[in-house]
A.B. asks: 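Quick one: this structure, given as structure tokens, is what I'll be asking you about.
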Amino acid sequence: MPAFSRLVRFLAKNGKVYYGDAILPQGVTDLAKTKAARVIKGDIFGKHEVTDAVEDVRLLLAPLAPEDVRTVRCLGLNYALHAQEAGLPLPKYPVLFFKPATSLSGPTDPIPVHPIAQEELGLDYECELVVVIGKTARDVPESEALNYVLGYAIGNDVSHRDWQVARGGGQWSLGKGFDGWAPYGPGIVTTEVIKDPQTLQISTRLNGQTVQSSNTADQIFSVKKTIAFLSRGHTLLPGDLIWTGTPSGVGMGRNPKLWMKDGDVVEVELEGVGIVTNKVEFLKEGARL
Ligand code: MG
């Protein structure tokens with residue numbers, strides 16, 4: 001059991017990067033509002049302590065350090081209305097794909113769009129409940145599955161529909177795996193705080209307008225079911241992320257279609273966790289991140 005309840009990773013005002021247990025004012029749950037945190041020492045997945053040292057937050061970073069992330073698994077079509085808007089049948093088994101670790105980014109980082117993903121319209125948003133695995137799990141029964149979860153974050157599974165489908169070779173990873181196309185955070189709220197992950201409001205706003213609004217209660221495969229299924233014959237490791245699919249309202253499913261463009265601001269929000277806010281930034285040819 002972790003000693004922290006709201007994990008953030010941040011650049012402090014002193015210029016150093018820390019893991020911390022967020023200090024939030026009474027009644028505030030949005031981790032994006034974290035101004036200070038108690039510094040955590042040790043291994044967040046193992047032996048650690050929350051110290052009395054408090055540091056001021058200059059910038060919240062992706063909640064896991066790159067070296068602490070293992071695999072990024074994602075589910076597709078995990079909300080019935082979203083499967084319907086995509087014109088695809090309800091899946092009998094969870095639809096699994098992977099995003100590269102290099103797609104992960106922080107809760108306020110720009111979403112960089114490479115020139116090859118600018119040439120056709122198709123840039124889309126997907127708000128998703130992100131599960132962070134905290135303990136090695138293999139062949140875990142549904143009834144025990146949540147014991148292997150460290151906590152939950154909110155993420156945006158940024159997607160380019162043309163590269164995902166028509167030019168993706170039958171695999172989704174290319175059109176969803178560009179650098180920086182998996183911003184998540186603002187931190188990780190543990191299972192001590194969020195006891196039931198199937199009761200949370202989840203939404204997206206594009207330039208301030210609500211475009212997705214649902215509840216994790218509508219997931220086809222619950223977090224428990226997903227972990228039980230994915231751990232059958234597959235070892236889940238501490239630091240694995242499972243993105244659990246997006247509800248309806250994506251740009252692809254609209255009439256007319258709604259694609260993100262340069263300069264757009266997209267926010268994804270999960271009740272009890274907070275808001276991740278990113279600006280779309282079209283890169284020039286040859287630009288380096
Ligand atoms: Mg998705």
Side-chain angles (χ1 to χ4, degrees), residues 2 7-11 17-19 31 40 43-46 59-76 78 94-114 116-117 123-138 148-160 163-164 168-169 171-189 223 226-227 230-231 234-246 266 268 270 273 276-278 280-281 283 287-289:
L7 180 74
V8 288
R9 194 170 67 93
F10 64 101
L11 176 66
V17 172
Y18 299 99
Y19 278 116
L31 280 173
I40 297 169
D43 174 7
I44 55 162
F45 298 110
L59 180 69
L60 290 173
L61 305 172
L64 292 183
E67 62 270 25
D68 287 334
V69 177
R70 304 298 287 259
T71 298
V72 185
R73 288 175 171 80
C74 305
L75 297 194
N78 198 27
V95 175
L96 176 67
F97 65 95
F98 290 79
K99 279 177 91 117
T102 41
S103 65
L104 295 172
S105 66
T108 58
D109 287 344
I111 297 168
V113 182
H114 188 276
I116 67 161
L123 186 64
D124 214 341
Y125 48 80
E126 294 191 353
C127 59
E128 305 205 2
L129 164 70
V130 178
V131 177
V132 183
I133 297 295
K135 286 196 285 195
T136 301
R138 190 172 189 276
Y148 294 84
V149 175
L150 180 73
Y152 307 99
I154 173 76
N156 190 342
D157 174 17
V158 178
S159 308
H160 190 285
W163 283 108
Q164 180 190 343
Q171 307 268 342
W172 292 355
S173 293
L174 183 69
K176 288 170 169 280
F178 285 90
D179 289 351
W181 282 25
Y184 76 117
I188 296 165
V189 179
V223 172
T226 298
I227 291 170
L230 292 180
S231 73
H234 297 239
T235 301
L236 303 180
L237 297 169
D240 276 359
L241 304 180
I242 303 172
W243 293 54
T244 60
T246 200
V266 59
V268 289
L270 183 66
V273 173
V276 163
T277 304
N278 309 95
V280 176
E281 189 181 314
L283 300 178
R288 294 260 171 265
L289 292 183

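Just the heavy atoms: all of them, side chains too, but no hydrogens, waters or symmetry mates, feed the values below. This one's a predicted model, so the numbers in the text were calculated from it and none came from an experiment.
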A.B. asks: Quick one: closest heavy-atom pair of Gln164 and Ser159, and the distance?
C.D. replies: OE1-CB, 4.0 Å
A.B. asks: Are Thr226 and Val131 packed together at the side-chain level, in the sense that at least one heavy-atom pair is separated by less than 4.5 angstrom?
C.D. replies: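 The answer is no; the side chains never approach within 4.5 Å.
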A.B. asks: So how far is it from Thr277 OG1 to Asp109 CG, rounded to the nearest 0.5 Å?
C.D. replies: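 Reported value, rounded in 0.5 Å steps: 11.5 Å.
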A.B. asks: Report the residues that fulfil ring-ring contact (aromatic ring centres under 6.0 Å, His included) with Phe45, sequence neighbours left out, ordered by chain and then residue number.
C.D. replies: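 If we apply the ring-ring contact (aromatic ring centres under 6.0 Å, His included) test to Phe45, skipping adjacent residues, there are no hits.
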A.B. asks: Could you report the tightest heavy-atom contact between Ala137 and Ser231, atom names first, then the distance?
C.D. replies: O-CB, 4.0 Å
A.B. asks: Provide the closest heavy-atom pair for Tyr125 versus Val266 in the form atom of the first, atom of the second, distance.
C.D. replies: CB-CG2, 4.0 Å
A.B. asks: Which pairs would a plain distance check flag for residues 66-75, meaning a side-chain donor or acceptor within less than 3.5 Å of a matching protein atom at least two apart in sequence or in another chain?
C.D. replies:
unit_1, atom_1, unit_2, atom_2, d
Asp68, OD2, Tyr19, OH, 2.7
Arg73, NH1, Asp240, OD2, 3.1

A.B. asks: Would you say the side chain of Val130 lies within less than 4.5 Å of the side chain of Leu270, judging by non-hydrogen atoms?
C.D. replies: no
A.B. asks: Between Thr136 and Pro238, what is the shortest heavy-atom contact and its length?
C.D. replies: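 Heavy atoms only, the tightest pair is OG1-CD, 3.5 Å.
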A.B. asks: Hey, is the main chain of Ala62 close enough, under 3.5 Å, to the side chain of Arg9 for a donor-acceptor pair?
C.D. replies: yes
A.B. asks: Hey, what do you get for CD1 (Ile44) to CG (Leu64), rounding to the nearest 0.5 Å?
C.D. replies: 5.0 Å
A.B. asks: So, do Leu123 and Val158 sit near enough that their side-chain heavy atoms are less than 4.5 Å apart?
C.D. replies: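 Of all side-chain heavy-atom pairs linking Val158 with Leu123, at least one is under 4.5 Å.
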A.B. asks: Leu236 and Leu230: which non-hydrogen atoms are nearest, and at how many Å?
C.D. replies: CD2-O, 4.3 Å
A.B. asks: State whether the side chain of Ser173 and the backbone N or O of Phe98 hold a donor-acceptor pair below 3.5 Å, judged by distance alone.
C.D. replies: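 Checking the backbone N and O of Phe98 against the side chain of Ser173, a donor-acceptor pair under 3.5 Å is found.
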A.B. asks: Which heavy-atom pair separates Gly185 from Pro107 by the least distance, and what is that distance?
C.D. replies: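 Heavy-atom minimum between the residues: CA-CB, 4.5 Å.
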A.B. asks: Any donor-acceptor pair under 3.5 Å linking the side chain of Thr244 with the backbone of Leu129?
C.D. replies: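 Checking the backbone N and O of Leu129 against the side chain of Thr244, a donor-acceptor pair under 3.5 Å is found.
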A.B. asks: Between Glu128 (side chain only) and Gly245 (backbone N and O only), is there a donor and an acceptor less than 3.5 Å apart?
C.D. replies: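 Present.
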A.B. asks: Hey, could you give me the OH/CG distance between Tyr184 and Asn278, rounded to the nearest 0.5 Å?
C.D. replies: 13.0 Å
A.B. asks: Is Cys127 close to Asn156 at the side-chain level, that is, under 4.5 Å between some pair of heavy atoms?
C.D. replies: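 A side-chain contact under 4.5 Å is absent here.
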A.B. asks: To the nearest 0.5 angstrom, please state how far the CD1 atom of Ile111 sits from the OG atom of Ser105.
C.D. replies: 7.0 Å
A.B. asks: Would you please test Leu60 and Thr108 for side-chain contact (heavy atoms from CB on, under 4.5 Å) and show each step?
C.D. replies: CA-CA 8 Å; Leu60 290 173; Thr108 58; over 6 Å; no
A.B. asks: Starting at CD1 of Ile154, measure out to CH2 of Trp243 and round the result to the nearest 0.5 Å.
C.D. replies: 8.5 Å
A.B. asks: Look at the rings of Trp163 and Phe178 and say which category their plane angle falls in: under 30° parallel, 30 to 60° tilted, over 60° perpendicular.
C.D. replies: perpendicular
A.B. asks: Counting N and O atoms only, with roles assigned by atom type, does the side chain of Lys99 sit under 3.5 Å from a partner on the main chain of Trp181, one being a donor and the other an acceptor?
C.D. replies: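 Confirmed, Lys99 side chain pairs with Trp181 backbone.
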A.B. asks: I want to check something: taking the side chain as every heavy atom from C-beta on, are Leu7 and Pro63 in contact at a cut-off of under 4.5 Å?
C.D. replies: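 No - every pair of side-chain heavy atoms lies 4.5 Å or more apart.
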